[in-house]
Amino acid sequence: MSSSAARTFSPAPPALPQRVRPARCSSGFVGPAVESASPGARAVTLSSSRGGADSSLPICRVLNGMWQTSGGWGRIDRADAVDAMLAYADVGLSTFDMADHYGPAEDLYGMFINRVRRERPAEMLEEVKGLTKWVPPPVKMTRSYVEENINRSRKRMDVAALDMLQFHWWDYSNPGYLDALKHITDLKEEGKIKTVALTNFDTERLQIILENGIPIVSNQVQHSIVDMRPQKKMAELCQLTGVKLITYGTVMGGLLSEKFLDTNVSIPFAGPPLNTPSLQKYKRMVDAWGGWSLFQALLQTLKKVSLKHGVPISTVAVRYILNQTSVAGSMVGVRLGLSEHIRDTNAILSLELDEEDMGSIAEASSQGRNLMDVIGDCGDEYRA
């Protein structure tokens, strides 16, 4: 694993104040818009003034993650999936996160946004946001190659401009990521992309990108009560520059839930099966952090907090991460047309954890290993 330290924080880029504009992420269409990004806010505006024109995007603080459409969670019926997306948007959970390689995710969004245009009020069309990712191979990043791929996502999602393009790069030894981001910034200036963001970049490369004048508004990273790496170096740079974090893996594929409390998955058939790609992935994170017994102690702590507030463990787990430094939003995976957790997801936005809650969870989290030492900085798990 990479263990390179982030570069010393320099005066450039200058610290930017986070400009927060009114944003809607309401329970339906009743009541006032959210006016701030305070801890209890339902929405936040991501913004950057680098690279010329100012850019900003209001998003819901709980995002609907669409990795589950890529296979491994059950067969997706497209009509049912779009109906489910409408159900989420109807209650104000109106920000959807996807990628070019998440199976039919971008196509589903295109079908969904057309239903919104035809069947929902105009204000809902303004509220809905589609965030996608581009994960290219580390080949030469020419303008035509970058534009071709961005246009493909625009066509699949049926939008004139992508609300957000989150860029990922596999190989830091190849500096082509800067070429790609400069072309992406040009496409933003031409109106094909509204905001530019990253996914799974480490602190060192984020600073290099900002120093090159790229108008980054956010970095999407793995972040949970078990994986607190983003709060080590990344959050410090984000505070200095105004870049925000969008988190995924926050409920660890469902491991942070009552379903896995008081279980032993190491004994065949003694516990719930780890039968999805996300459960298998995050079980490996548990092992790296401290193992199943320590994880059970963490779940017991979360259960006490959840009973105090009358919400599920998963709701507490997401709220805890939303309260962390520089976190703008957290992903909750949606199994569109297969199952839904709208009520529990919406409850995240109204839950308030007090100082005692936050302290007890932080103490339980700190009992595990420091994953910065085990894995490295954000995204290093993909670059072993």
Side-chain angles (χ1 to χ4, degrees), residues 61-65 67-68 72-74 84 87-88 91 93 222-228 247-324 327 329-354 356-368:
R61 294 205 71 200
V62 176
L63 299 87
N64 305 312
W67 180 33
Q68 283 79 355
W73 286 265
Y88 278 92
V91 299
L93 298 169
Q222 183 173 292
H223 196 354
S224 69
I225 295 171
V226 165
D227 186 1
M228 294 294 291
T247 74
Y248 67 89
T250 309
V251 296
M252 303 188 73
L255 287 177
L256 288 170
S257 69
E258 284 79 2
K259 183 178 181 180
F260 289 92
L261 179 64
D262 297 327
T263 64
N264 188 345
V265 296
S266 65
I267 302 174
F269 309 110
L274 303 175
N275 57 358
T276 69
S278 52
L279 284 172
Q280 293 159 14
K281 172 182 178 179
Y282 294 114
K283 171 56 165 61
R284 293 192 291 272
M285 295 301 298
V286 168
D287 294 340
W289 172 73
W292 196 252
S293 294
L294 193 59
F295 184 67
Q296 287 299 307
L298 173 61
L299 286 178
Q300 290 286 357
T301 298
L302 293 174
K303 184 60 178 177
K304 291 177 183 177
V305 176
S306 76
L307 289 172
K308 173 180 172 180
H309 294 279
V311 297
I313 285 174
S314 58
T315 298
V316 174
V318 179
R319 184 72 254 181
Y320 182 81
I321 296 302
L322 281 176
N323 289 357
Q324 300 301 309
V327 173
S330 290
M331 208 81 58
V332 175
V334 289
R335 299 177 65 181
L336 298 172
L338 299 174
S339 63
E340 61 88 3
H341 304 283
I342 289 176
R343 178 180 297 180
D344 293 341
T345 302
N346 230 338
I348 297 165
L349 294 163
S350 56
L351 176 62
E352 295 184 13
L353 299 178
D354 60 30
E356 180 184 14
D357 301 328
M358 294 294 291
S360 65
I361 296 170
E363 173 63 24
S365 172
S366 69
Q367 297 306 303

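Nothing here was measured: the structure is a model prediction, and the numbers come from that model.
Atoms CG and OH, on Leu63 and Tyr88 in that order, are 13.0 Å from each other to the nearest 0.5 Å. The CG atom of Asn275 sits 7.5 Å away from the CD atom of Gln280 when rounded to the nearest 0.5 Å. Taking CE of Met252 as the reference point, atom CD1 of Ile225 lies at 9.5 Å (rounded to 0.5 Å). Here the CG-CG distance, from Leu322 to Leu353, works out to 9.5 Å after rounding to the nearest 0.5 Å.
By the side chain to side chain donor-acceptor pair (under 3.5 Å) test, Ser330 pairs with Thr247, sequence neighbours left out. Residues passing the side chain to side chain contact (heavy atoms under 4.5 Å, CB included) test with Ala288, sequence neighbours excluded: Leu371, Val374. Every side chain to side chain contact (heavy atoms under 4.5 Å, CB included) that Val251 has, sequence neighbours left out, goes to Ser314, Val318.
Using modelled atom types, one side-chain atom of Ser224 and one backbone atom of Val226 make a donor-acceptor pair closer than 3.5 Å. With hydrogens and angles ignored, the 3.5 Å screen pairs no side-chain donor or acceptor of Arg319 with any backbone N or O of Ala347.
Counting only heavy atoms from C-beta outward, the side chains of Leu302 and Ile361 approach each other to under 4.5 Å. No side-chain heavy atom of Asp344 sits under 4.5 Å from any side-chain heavy atom of Val332. Side-chain contact between Leu256 and Leu299: present, with at least one pair of heavy atoms (C-beta onward) separated by less than 4.5 Å. With contacts defined as side-chain heavy-atom distances shorter than 4.5 Å, the pair Leu255/Leu279 qualifies. With contacts defined as side-chain heavy-atom distances shorter than 4.5 Å, the pair His309/Val316 does not qualify.
The minimum heavy-atom distance linking Gln296 with Leu261 is given by the pair OE1-C, 3.5 Å. The minimum heavy-atom distance between Ser365 and Met228, with the atom names listed, is OG-CG, 3.7 Å. Between Pro272 and Thr263, the shortest heavy-atom contact is CD-CG2, 3.7 Å.
Among residue pairs with one or both ends in residues 275-303, those qualifying as ring pair (Phe, Tyr, Trp, His ring centres under 6.0 Å) are Trp292-Phe295; sequence neighbours excluded. Under the salt bridge (charged side-chain N to carboxylate O under 4.0 Å, His left out) criterion, the residue pairs touching residues 286-315 are Glu258-Lys303, Lys283-Asp287, Lys308-Asp354, Lys308-Glu356, Lys308-Asp357, with sequence neighbours excluded. Within the structure, salt bridge (charged side-chain N to carboxylate O under 4.0 Å, His left out) pairs that include any residue of residues 265-275 do not occur (at least two apart or interchain).
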